[in-house]
Structure formats: structure tokens, C-alpha cells
Amino acid sequence: MLDGKFFVSNRVRIQGMNCEAKHLLHCTALWIWMGIVVYFMVFANENTVEVQPIDRYGLVFTILLYIWKCLPLLVVPQCIFQIIGLTFYNPFKEKVPLKAVPLLAPFVCFRVVTRGLYPRLVKDNLFLNIDTCKKAGMTNFMFENGIQVVTDKRINLPQQPLVREVVVPNSYTSKSGALFKARALQYCLEDDVNRLQDSDWVVHLDEETLLTNNSVCGILNFVEDGKHDFGQGLITYASGEIVNWLTTLSDTYRVADDCGKMRSQLSVLHKPVFGWKGSYVVTRYGAERTISWDHGPEGSIAEDAYFGVNKKECEGILNLREKINSVVNHGISGEMLEKSPFTTMDFLQQRKRWLEGLLLVVHSKKIGFLWKLPLSFVVYSWIFTPFIIAQFFLSPLFPLPRNYLLDPIFASLLALNIYMNVFGVVHSFTQKYRKNIALLLLYCVGACIAIPYTVVIQAASVFLFFFGAKKEFYIVKKETTPLILNV
């Protein structure tokens, strides 16, 4: 029987591993896991069905069956970039060294957009983030515009040099009729509102986003380096009190997505062709103003993805700095902290809004076909989720002969998606539970159990999109305490 010394010695061994060793262990686990799944699902499975599909189903129905079977291939482009990112870029660097001299760093404005529904949350996080900046040694944010909160309703932030509250007037209309968050962001770019210089930097945050010392150091390194106009960093969703374990474990996939696809697309393609998030985005103000947020209603539901994918942005970035590059390879290491939606309904509505916004992006006539093609694969793989789920239940009724080209790909996709959930848990919870490996393993199992929940939510969001209200910007609940309104 194993005694406590075994677990203590192994715990010390795990904690003593450097980031390179952790990355090697992770890569080995990823490829061995994928190999095992492919072997047992395809090559070791002797339950083959000898059937002539054309004779049994007819030519037309056979073609439809194969189209149905091939729907999961829509995720292949993004999965390739997931594998590249997870394999070639080390996500385990725990300490971000400060390479820049904070006193000499360019001016940085942290910009938070809120509707003013959660003033207490905004105020609390504002002062926590200011304190984090000070502890990290940041000095050149200590001027007017240091942290800028853009709101539709005044929340009466305290008057001090570090804080500027910008209230978007009801009468404001952008040139293209931008809505929601895009409208507020565009308002900040107007000449009579803006106080930033083109050489200053803007860090976009959501109202619940918390900075960490590592993320502040990463931002300082990035802006001091100054080679690239845009960058994005990692966000995790398991800090502090966990309100809803199902949604939190489901969101661990997004952590792996940041470390994989998001990182590799910026490093390999130097363009966010698969889209990107609206939080923890670092932009040089002059470059952001050139692109703008003024893209009409179609660019207002998923304003972040539209900003990242539209051709105007790509051309602007190429003209300004020749390329976008990875936040990890060029300085913005470190993670920021957010929370997953508190309820399943919020989780579902959030996904429905993303789907609607992304569809507007890929259907926009203002964006070139090639620029939005990779994102189109992402969106339509999402749209066909109900049909892909149906395969698990209906494919035994319509068997097809084994295909040694397609079947290993399908098995690899399944293995990768399971692994990404586990990887996301390890990356999110390791710091908190590094002394309790058993609990960390339990959460890994929980993430795997939560996969059906996530898939069902994805499918339900498709139905909600088709049959629900359109052009709404749903705001998820941000506080567990009662809502406070200061109008």
C-alpha cells in the first residue's frame, strides 16, 4: 500500500519541474493520447461492417451519408493550429521577467467598457487593478486616462488622476451606426473625446477582468519593445470563488484554445484569421484608430472578431508594422483572470450571441473571402453541431464501410478535444491546487464529464439563434450579489 511519502516525493518532483520539462511532458502526453485513441478506435476495432452502401442505400442517399459523415472535417483547420500551438509554444512559463524599465515605458490606458449595470464590480476591480499595476512597477499609467471606464450610465467613479469616466451620450451615433460595445469604443476614438497620442497604448478589458503581476509585466515588455501594434494574452476562468462548476469546467477548453489556436495563428499567419477575444487585447492607439470600431450593425455583435478579421485591419496592420505577431513570442506573457457565466442560461445566451456575431462577420461583404475563410470553417462547424451530435445516435442505423483515411482523422479530432479540456484544467488550477494532485485529477475527470454539457449548449445555441431574437447584445450576470443601479 502506498504511504504519504510517495505522494509527498512526487508532489515535490512535479513542483520542481521547470517549464521546459513540463512542456515536454505535455507534448508527450498529447501525442501518446492521440495515438492510443486512434489505435483503439480504428485499427484495433474489429467490429467492421461489410456493406456496399450504394447497393444498400442508393447513390443519392449514399452521397448524403458521406457528406453527413464528413461534417466534423470542418474543424480540421482550427485543430491543426491547436496542435501547432500546443506543441511548439511553451504555455508553462510561470514567471514573466520584467525586461523593460517601467519609468521609460510608453503611456498605457486600460480601457473598460461597461453598461453601468454593475458599478460595485467595476469600482472594486478598478482599484484592485490599479494596485496590481503599482505593485508590478508600472508608473507611466499614473496620468489622466490611466484607466478609462466607458459607460452608458454614470457610475460615479472617484475623482483622481488615475481614473477617467467617459459616459457615452444617448445622442451619439457613429458614422456607420455602430451599436453596443462597438459604439462605446468608437466614441472613445472621436477627436473631441480622445486624449491619447498615436504612440500611446490601449489595453482592452471586460468589466470583470482582473490583472495579474505577470500580465502587467508582459504588457510593459510588449509596449516597450514596440515592434508590433497588436497583441493578445491568455485569460483563465477559475480564479477566486467558483460560482458554477459546469460552466467553469466547460470554459477550460477556451484556455487551451488560447494556448493553441490563438497563439499559433498569430505566430504562423501573423493575422487573427480565426478571430480573437475582446478582452486582454493590447493595441497601439494610432493603429486602432486607423482600423476603428465603426463597422455598422454587422460589426457590433461580435465587434472583437470583426475588428480582427476584416480586411481593412489586415491591410492597416501590414502598412503600419508589416505583421501582427504572437503575444507570447513578443512579450505579452502572463494571464488575466475572469469568471465563467454564473448560470446555464447565461452560458447559452453568451454562446448564441457569439454565434450570431460570427455569422455576421463571415457573411460581411466588406471582408474579403480569403480573410474570413478560416473563421467560416469555425462558424459552420458550430452551425452543424446538431447534425454531428446526431451521428453518435443514428450512424449505427446507417453503417458505412471503414475508411482508413477519414476514420483516423475523426478519432484524432475526438482525442484532441478531450485532451484540450484536460489541459485547460491543468493550466487553470495548477497554481491553486499544485499541492493536491488528487483534487487536480478529479477536476480533470470533471472536465471530461462536462464535455457532453458543453456540446449540448453549443447545439442549443444554434437552435436559439435560428428561433430566438436577433441583434441583441446579451449581458451575462457579473455579480452574485443583487444588482446595483446608479443612474
Side-chain angles (χ1 to χ4, degrees), residues 110-132 147-158 163-168 179-185 188 203-212 215 233-255 258 277-281 300-305 335-357 428 454 457 461 464 469 472-487:
F110 293 89
R111 180 164 290 166
V112 180
V113 174
T114 173
R115 282 189 178 175
L117 300 177
Y118 298 98
R120 180 168 53 200
L121 174 70
V122 173
K123 292 176 183 177
D124 290 347
N125 286 355
L126 177 65
F127 291 115
L128 285 173
N129 287 336
I130 289 175
D131 188 57
T132 300
I147 295 184
Q148 182 168 307
V149 178
V150 184
T151 176
D152 291 326
K153 297 179 181 179
R154 185 171 296 279
I155 55 180
N156 299 316
L157 294 174
V163 180
R164 180 188 180 207
E165 183 175 354
V166 177
V167 180
V168 182
L179 304 170
F180 312 124
K181 185 177 179 179
R183 170 178 170 268
L185 289 169
C188 294
V203 181
H204 292 279
L205 306 175
D206 287 338
E207 55 193 348
E208 75 273 20
T209 308
L210 289 174
L211 304 176
T212 64
S215 64
L234 171 68
I235 296 176
T236 64
Y237 306 91
S239 63
E241 178 189 2
I242 306 297
V243 179
N244 187 315
W245 278 99
L246 268 178
T247 59
T248 301
L249 291 174
S250 295
D251 267 341
T252 57
Y253 181 93
R254 297 177 63 194
V255 176
D258 280 356
K277 302 187 302 292
S279 186
Y280 200 172
V281 174
S300 300
I301 305 297
E303 78 294 328
D304 44 7
E335 62 193 41
M336 293 187 185
L337 311 177
E338 293 185 1
K339 286 188 178 296
S340 298
F342 296 166
T343 67
T344 294
M345 181 53 67
D346 276 359
F347 195 67
L348 173 60
Q349 290 283 0
Q350 182 189 65
R351 265 58 181 177
K352 178 260 183 183
R353 178 177 68 82
W354 291 351
L355 176 59
E356 179 181 356
S428 300
T454 307
I457 291 294
S461 67
L464 188 60
E472 292 183 343
F473 199 94
Y474 187 88
I475 303 295
V476 301
K477 186 178 180 182
K478 302 293 180 68
E479 289 181 321
T480 54
T481 52
L483 184 69
I484 297 177
L485 294 177
N486 284 350
V487 182

Any [X] side-chain heavy atom under 4.5 Å of [Y] side chain:
X: Arg111; Y: Leu185; answer: yes
X: Lys477; Y: Val243; answer: no
X: Val255; Y: Tyr237; answer: yes

Discussion item. Under the rule for salt bridge (charged side-chain N to carboxylate O under 4.0 Å, His left out), what residues qualify as partners of Lys277, not counting sequence neighbours?
Written reply: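 For Lys277, the residues satisfying salt bridge (charged side-chain N to carboxylate O under 4.0 Å, His left out) (neighbours in sequence not counted) are Asp258.
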Worksheet entry | Which residues share a salt bridge (charged side-chain N to carboxylate O under 4.0 Å, His left out) with Lys352, sequence neighbours left out |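 Once residues adjacent in sequence are excluded, the partners of Lys352 under the salt bridge (charged side-chain N to carboxylate O under 4.0 Å, His left out) criterion are Glu356.
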I need the [X] [atom1] to [Y] [atom2] distance, nearest 0.5 Å.
X: Tyr253; Y: Thr454; atom1: OH; atom2: OG1; value: 10.0 Å
X: Asn129; Y: Met336; atom1: CG; atom2: CE; value: 8.0 Å
X: Leu246; Y: Thr343; atom1: CG; atom2: OG1; value: 11.5 Å
X: Leu126; Y: Phe110; atom1: CG; atom2: CZ; value: 11.0 Å
X: Phe473; Y: Arg183; atom1: CZ; atom2: CZ; value: 13.0 Å
X: Met345; Y: Leu464; atom1: CE; atom2: CG; value: 7.5 Å

Distance-minimising heavy-atom pair for [X] and [Y]:
X: Glu207; Y: Tyr118; answer: OE2-CD1, 4.1 Å
X: Ser279; Y: Leu205; answer: OG-CA, 3.7 Å
X: Asp346; Y: Pro341; answer: CB-CB, 3.9 Å
X: Leu348; Y: Ile457; answer: CD1-O, 3.7 Å
X: Phe180; Y: Ser300; answer: CD1-O, 3.7 Å
X: Ser239; Y: Leu337; answer: OG-CB, 3.5 Å

Worksheet item: Does the side chain to side chain contact (heavy atoms under 4.5 Å, CB included) test come out yes or no for Gln349 and Val476, once each step is laid out?
Response: CA-CA 8 Å; Gln349 290 283 0; Val476 301; 5.9 Å; no
Measure from the side-chain N and O atoms of [X] to the backbone N and O of [Y], and report whether any donor-acceptor pair falls under 3.5 Å.
X: Lys339; Y: Glu479; value: no
X: Asn125; Y: Leu210; value: no
X: Ser428; Y: Thr236; value: no
X: Arg353; Y: Ile301; value: yes

Item to complete: Check the pair Val281 / Asp304 against side chain to side chain contact (heavy atoms under 4.5 Å, CB included), numbers first and verdict last.
Response: CA-CA 9 Å; Val281 174; Asp304 44 7; over 6 Å; no
Item to complete: Check the pair Val113, His204 against side chain to side chain contact (heavy atoms under 4.5 Å, CB included), reporting the backbone distance first and the verdict last.
Response: CA-CA 8 Å; Val113 174; His204 292 279; 5.8 Å; no
Fill in: side chain to side chain contact (heavy atoms under 4.5 Å, CB included) between Thr209 and Val112, worked out
CA-CA 9 Å; Thr209 308; Val112 180; over 6 Å; no
Worksheet entry | Result of checking Thr247, Asp251, Asn244, Thr252 against Ser340 for side-chain hydrogen bond (donor to acceptor under 3.5 Å, both in side chains) |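 Result: among Thr247, Asp251, Asn244, Thr252, Asp251 is the only option passing the side-chain hydrogen bond (donor to acceptor under 3.5 Å, both in side chains) with Ser340.
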Fill in: Sole residue of Arg115, Lys478, Lys181 in salt bridge (charged side-chain N to carboxylate O under 4.0 Å, His left out) with Asp206
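Checked Arg115, Lys478, Lys181 against Asp206; only one passes salt bridge (charged side-chain N to carboxylate O under 4.0 Å, His left out): Lys181.
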